[in-house]
Protein chains: 2
Amino acid sequence: MGTTQLETVPEPKYWHLRTVLSEALDSEFSVGEILPNERDLAARFGVARATLRQALEQLELEGRLQRRRGVGTTVAPPRMGVSVGTAQHAWPGGPLDAWQTLDCALETPPATVAETLVTGRDEPVHTVRRSRVSHGQPVAAELLYVPADSVPGLSGIDAPSGAARARAVLRELQHLELERQENAVELGSARADDARELDRLPGAPVLVVTTRFIARGRTAALSVATYRADTCRLTFGDSGGVQIHHGPEQQAS
Amino acid sequence: MGTTQLETVPEPKYWHLRTVLSEALDSEFSVGEILPNERDLAARFGVARATLRQALEQLELEGRLQRRRGVGTTVAPPRMGVSVGTAQHAWPGGPLDAWQTLDCALETPPATVAETLVTGRDEPVHTVRRSRVSHGQPVAAELLYVPADSVPGLSGIDAPSGAARARAVLRELQHLELERQENAVELGSARADDARELDRLPGAPVLVVTTRFIARGRTAALSVATYRADTCRLTFGDSGGVQIHHGPEQQAS
DNA sequence: CAGTGGTCTAGACCACAAG
DNA sequence: TTGTGGTCTAGACCACTGA
């Protein structure tokens, strides 16, 4: 007795900690500011470092914090809005395209992709790699799968790979009449190569945007784009390009 | 010497484990099957339980596994496609609406919401709670904020809250001419109340879909819907309602 | 009740960035 | 070299489910 029992339904420590830190971020820190290191913070709150880290992971997932090994933990800016599916009814590589073409290869796509493209199994397709940068920061990495018969005019003279070839593939695509496109978004984790390109560790949470480009009743191209989930807010079907989302997030305890 | 050094760039154990388990799931398990418990699995792979759990968390994030306290870990079915922003150019509560109306209250919205609705601060708005069920499973919880002047015909006779009131609010909304709607998707973590409704623990990853309904040049209503990120794949702008996504995910090591 | 996943601890060492 | 976050361990106890 004498000990006041406030927690009738004891909330996990890390969850409570997340709330406390979240409020501290709103009131006492400004964007870009660095937090005390994890060992100090854990000691200050009287918890083990693992528990403190659980709270930080939550906040990072919500885009409130940014952590970098060897550097520290900083307060993240509000997520940036990146528009997806504007360029509605437009092929990739068009004039209003936010992507930068990297290179191209002739590869056998993963089974999931081959299934969506009606092409036969083990049929190699043009695989264009592109990346998207916004506000000086990489936000997405894309693989664009284009079956050979979607770009019949493609000259066989050029090398089968490289940046020039990639641009040629995109150029040929514009000749097709685009019926419509279908988008899907799901949560994924960054593969090692995507992670490197996005400046994150493998396994980092990403939003995977899959776009089917449909022409002549068939899937003429398939794009699989992985966006950094911590820094991006995907906007659909509205006007205009990149916008900054303003104000604090709505997720709170 | 004598020890063969295969790992020149040693991959983290949990990441390697994730890959091994992922492949095992593809080849040796079928949907719904239960895995050995965490202690056994950890022992079998010769790692600490915390490490094994890190791998399982990844796979759960990717929608490959489902874990339930007191029960066990099971192989998850492929994510279901839930269509968002079909009912494009349609108010919530319309005939083709996939949502179930729960109740309604007159509340002061969070600052972020009040900012988007042009309504003044501390101005209470109609707050309609709805839920979305798909394949017998709750997939999303929604809060729909409707400023009072968007539903001028709303009778003041009824009680200011309850399910009947909620339906009345939605009915009145249909009278406005909808100009367009804007969608945004971002990653979040489930608040305690959302988590309960989605049958998950607090902090579970969710996809937050924010929809602005615009009429007469103003934001006439704002919807904030949180979807289970582990089980859902959001589809945009295509035809048709709910579809099952087929085949394994594309994320692999 | 027994068995499951969820939380938490107090350490240790590693990989990386920057001075 | 120093200090950071990232990984890993071997335990402990708790909350929940279902028999």
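Just so we're on the same page: letters track the sequence lines, and every chain starts at 1. Quick caveat: nothing in here was measured; it's all calculated off a predicted structure.
The distance from atom OH of B:Y14 to atom C1' of C:dC14 is 14 Å, rounded to the nearest whole Å. Look at CG on B:D40: it is 11 Å from P on C:dG3, rounded to the nearest Å.
Comparing A:G70 and A:E60 against DNA chain D, the residue whose closest nucleotide sits nearer the 5' end is A:G70. Residues B:E38 and A:G46 both approach DNA chain C. Their nearest nucleotides, taken by heavy-atom distance, put B:E38 toward the 5′ side.
Looking only at atom types and distance, the side chain of A:S223 has a donor-acceptor partner in the side chain of A:E142 under 3.5 Å away. Judged purely by distance below 3.5 Å, without hydrogens or angles, the side chains of B:Y14 and B:R53 never pair a donor atom with an acceptor atom. In the model, B:R212 has no side-chain atom that pairs as donor or acceptor with a side-chain atom of B:T116 under 3.5 Å.
Scanning DNA chain D 5' to 3' for nucleotides with an atom closer than 4.0 angstrom to a non-hydrogen atom of chain B gives a first and last hit of D:dT7 to D:dT17.
In this structure, B:R53 reaches the bases: a heavy-atom distance under 4.0 Å links it to at least one base atom across the strands shown. Within 4.0 Å of B:R39, counting heavy atoms only, lies at least one base atom of the nucleic acid. Using a 4.0 Å heavy-atom cutoff across all strands shown, A:L56 reaches no nucleic acid atom at all.
In the interface, the side chain of B:R69 is not paired with the base of C:dG3 through any donor and acceptor atom under 3.5 Å apart.
For the pair A:R64 (side chain) and A:L25 (backbone), a donor-acceptor distance under 3.5 Å is absent. Remark: side-chain polar atoms of A:R228 are paired, donor with acceptor, to backbone N or O of A:L198 under 3.5 angstrom.
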What side-chain donor-acceptor pairs closer than 3.5 Å can you find for residues 27-35 of chain B, not counting sequence neighbours?
unit_1: B:S27; atom_1: OG; unit_2: B:E23; atom_2: O; d: 3.1
unit_1: B:S30; atom_1: OG; unit_2: B:E33; atom_2: OE1; d: 3.2
unit_1: B:E33; atom_1: OE1; unit_2: B:S30; atom_2: N; d: 2.9

